[in-house]
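I have placed the structure first, in the form of structure tokens, so that the comments after it can refer back to it.
When reading the values below, keep in mind they use all heavy atoms of this one structure, side chains included, and skip hydrogens, waters and symmetry mates. Proteins get letters first, then strands, A, B, ... in listed order; numbering begins at 1 in each.
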Amino acid sequence: MAAGREKLDPLSPLGRGVLALLAAIGAASSFIGRAVWATITPPWYGRPLLRQLWAMGYLSLPVVGLTAGFTGAALALNIVSGGSRINADQVLPQIVALGITRELGPVLTALMLAGRVSAAIAAEIGAMRTSEQIDALQTLSTDPFHYLIAPRLLAGLLAAPLLTAIADLVGLAGGWSVAVYHLDFDPRLYAERTLDFLSPGDVGVGLVKALVFGAIVALMGCLNGFRATGGARGVGRATTQGVVTAAVLVFAADYAITYLAAARP
Amino acid sequence: MIGDDVLVWREVRKGFGRSIVLDRLDMTARRGRSLVILGASGQGKSVALKLAAGLLQPDAGQVLIEGRDLARQSAAGRKALLARTGMLFQGAALFDSLPVWENVAFRLLNAERSSRAEGRARALLALRRVRLDADVADKRPSQLSGGMQKRVGLARAIVADPELLFFDEPTTGLDPITARAIDALILDQVRRLGCTAVTITHDIASARRIGDDIALLGRGRILWRGPAAALDRPEDPALDQFVHGRAEGPLALAP
């Protein structure tokens with residue numbers, strides 16, 4: 001009888017969808033609230049935190065460095081070849097500096113972390129969930145939020161800004177080397193114009209973004225892994241969802257922070 | 001009566017979505033005895049055990065450990081009650097990022113904040129109690145066979161000398177010889193150390209070996225309870241059906 005009524009009523013699937021969405025947002029909010037609470041209250045576990053810092057931070061260095069270096073180089077080439085119509089090559093160092101520190105450094109670092117870290121976290125915690133390791137933690141008087149989630153969130157908050165700062169440096173160096181070796185810029189002049197132009201605010205906005213992105217990357221991995229169900233397939237689904245939600249939220253947060261920063265010059 | 005009843009499920013109801021798994025379950029585990037909960041798959045055995053281990057909350061009714069309602073304890077009170085319990089999971093549920101000895105010493109290192117030296121020493125003792133050599137201590141769980149993983153899981157459950165032990169399908173998936181060895185280790189905990197054991201299983205042979213009291217769970221409640229000796233000559237039709245594995249009888253299969 002209920003099924004018959006649903007067929008006739010086109011609004012009921014819509015209503016169910018909205019309710020499901022609200023339930024998902026509610027569950028995610030409560031998860032994030034518990035995660036933050038576990039991060040700021042004891043007990044703190046040192047070893048898991050060090051392990052996460054190593055995995056998220058140190059092991060991400062090569063991929064973040066390569067991405068930033070090539071992007072800085074490509075950005076410089078693009079500006080000169082495409083921007084010559086408006087004499088953009090006159091302000092090449094300034095555009096590269098702005099593009100890298102405010103936008104590309106933090107966003108590309110976060111996307112690389114979404115691919116590396118959110119996926120790894122979701123897969124690991126998802127496998128722990130489906131093999132009852134998270135239940136086992138609880139029976140051993142250990143809160144999974146304190147032991148599993150808090151170290152990952154903290155590591156994300158620490159590693160993302162550090163990696164972004166490194167990506168900024170490498171990206172600027174990439175732009176500089178293309179300008180110097182390919183486009184015959186004067187090396188000292190290019191570097192001086194970059195440093196004169198860059199304000200602490202440019203780098204600061206990028207690092208604030210990185211802090212937020214680090215939280216997003218860690219939390220989306222944890223959230224999706226934590227609620228994984230149904231064996232290998234569930235873990236696979238959690239991993240995909242971890243990466244996708246992290247990447248989309250990074251872009252959304254990027255716009256929001258850029259907007260807020262622009263509103264307050 | 002509290003003195004004798006270590007663990008009581010009182011009028012416990014638990015459902016998931018629209019399906020009711022436990023429907024006013026009443027059951028008791030008595031001190032120093034081994035309670036075996038039998039039942040077909042999907043009849044609520046695991047849920048009953050997870051409620052007792054504090055992994056699930058009942059929708060109605062109470063789960064009492066030493067006369068105290070788990071759901072009504074403060075966080076610290078709950079932790080103190082559950083610190084007196086240990087659980088062996090069906091798949092052992094060892095932490096694969098940690099070596100064997102850190103798995104065994106996990107509660108000591110992380111909940112009781114023991115030093116690593118003390119944790120390791122007590123882990124080695126617990127490994128010896130489950131008849132494992134000290135040379136497994138530094139291996140990873142993935143390097144061990146299924147039977148050895150179960151032993152490590154048992155060592156982890158008993159390392160802090162719990163009074164109440166939960167066993168989730170301890171012999172499922174093991175060869176008969178390893179299964180007997182695990183049964184002997186469980187009995188050892190009850191007979192020699194005076195633990196109270198609650199085991200869920202559908203392995204009748206294992207239930208005969210380790211059980212003092214048997215409860216048959218079906219359709220979310222107790223269908224029969226009595227001494228383990230009754231398994232040899234079951235008079236209750238449901239128990240008879242389960243023991244002899246008959247397709248026809250009062251026990252409905254899970255939908």
Side-chain angles (χ1 to χ4, degrees), chain A residues 2-3 16 19-20 23 27 34 37-38 41-56 59 120-121 123-152 155 225-232 234-235, chain B residues 16 18 46 49-57 70 75-99 102-113 116 119 141-142 149 152-153 155-160 162 164-169:
Chain A
R16 251 201 318 272
L19 285 180
R34 283 182 72 184
W37 182 248
T41 54
W44 291 286
Y45 297 99
R47 276 167 185 272
L49 175 62
L50 289 180
R51 210 177 296 139
Q52 292 306 319
L53 276 175
W54 175 264
M56 280 190 206
L59 296 182
I121 293 178
E124 187 181 6
I125 293 188
M128 290 185 75
R129 166 62 79 198
T130 55
S131 62
E132 295 190 306
Q133 290 179 50
I134 293 181
D135 285 346
L137 275 180
Q138 284 176 276
T139 65
L140 296 166
S141 308
T142 306
D143 174 27
F145 275 82
H146 277 105
Y147 188 78
L148 292 176
I149 312 293
R152 285 164 173 81
F226 212 73
R227 56 181 190 196
T229 49
V235 174
Chain B
F16 298 95
R18 283 183 186 172
S46 290
L49 199 69
K50 286 189 170 171
L51 285 163
L55 296 171
L56 292 172
Q57 271 34 272
L70 261 186
R78 237 175 102 76
K79 207 173 160 179
L81 275 185
L82 292 174
R84 299 156 76 167
T85 68
M87 179 152 174
L88 173 60
F89 287 83
Q90 187 176 350
L94 301 177
F95 307 122
D96 32 34
S97 59
L98 300 175
E102 280 191 56
N103 264 283
V104 175
F106 193 91
R107 185 197 285 277
L108 309 173
L109 296 176
N110 294 291
E112 297 178 12
R113 299 276 164 162
R116 289 178 70 77
S142 57
Q149 288 187 8
V152 173
R156 182 174 72 180
I158 62 175
V159 72
L164 179 56
L165 277 166
F166 303 118
F167 298 101
D168 183 358
E169 308 270 3

Could you list the donor-acceptor pairs under 3.5 angstrom formed between side-chain atoms of residues 78-95 of chain B and any protein atom two or more places apart in sequence or on another chain?
{"unit_1": "B:Arg78", "atom_1": "NH2", "unit_2": "B:Gly54", "atom_2": "O", "d": "3.0"}
{"unit_1": "B:Arg84", "atom_1": "NE", "unit_2": "B:Glu163", "atom_2": "OE1", "d": "3.4"}
{"unit_1": "B:Arg84", "atom_1": "NH2", "unit_2": "B:Glu163", "atom_2": "OE1", "d": "3.2"}
{"unit_1": "B:Thr85", "atom_1": "OG1", "unit_2": "B:Leu82", "atom_2": "O", "d": "2.7"}

Using a 4.5 Å heavy-atom cutoff, which residues in residues 126-133 of chain A come close to chain B?
A:Met128, A:Ser131, A:Glu132, A:Gln133

Contacts of A:Leu49 that satisfy side chain to side chain contact (heavy atoms under 4.5 Å, CB included) - sequence neighbours left out
A:Leu53, A:Pro151, A:Leu154, A:Ala155

Just so I understand: if I count every heavy-atom pair under 4.5 Å between each of B:Ala160, B:Ala111, B:Gly153 and chain A, which residue has the most?
B:Ala111

Please report, to 0.1 Å, the donor-acceptor pairs under 3.5 Å made by any side chain of residues 139-148 of chain A, with sequence neighbours excluded.
{"unit_1": "A:Thr139", "atom_1": "OG1", "unit_2": "A:Ala136", "atom_2": "O", "d": "2.8"}
{"unit_1": "A:Ser141", "atom_1": "OG", "unit_2": "B:Arg107", "atom_2": "NH1", "d": "2.7"}
{"unit_1": "A:Thr142", "atom_1": "OG1", "unit_2": "A:Leu140", "atom_2": "O", "d": "3.0"}
{"unit_1": "A:Asp143", "atom_1": "OD1", "unit_2": "A:Phe145", "atom_2": "N", "d": "3.2"}
{"unit_1": "A:Asp143", "atom_1": "OD2", "unit_2": "A:His146", "atom_2": "ND1", "d": "2.9"}
{"unit_1": "A:His146", "atom_1": "NE2", "unit_2": "A:Ala38", "atom_2": "O", "d": "3.4"}
{"unit_1": "A:His146", "atom_1": "NE2", "unit_2": "A:Thr41", "atom_2": "O", "d": "3.2"}
{"unit_1": "A:His146", "atom_1": "NE2", "unit_2": "A:Thr41", "atom_2": "OG1", "d": "3.2"}
{"unit_1": "A:His146", "atom_1": "NE2", "unit_2": "A:Pro42", "atom_2": "O", "d": "3.3"}

Counting only heavy atoms not in B:Arg116, do more than 12 fall under 6.0 Å of its CZ?
yes

Side chain, backbone, both or neither: which part of A:Ile134 has a non-hydrogen atom closer than 4.5 Å to chain B?
neither

I'd like to verify something: which residue of B:Val159, B:Leu108, B:Asp168, B:Leu55 has the highest number of heavy-atom pairs under 4.5 Å with chain A?
B:Leu55

Going from CD on A:Gln138 to CG on B:Leu56, what distance comes out if it is rounded to the nearest 0.5 angstrom?
9.0 Å

Considering residues, nucleotides and ligands other than A:Arg51, do more than 12 of their heavy atoms fall under 6.0 Å from its CZ?
yes

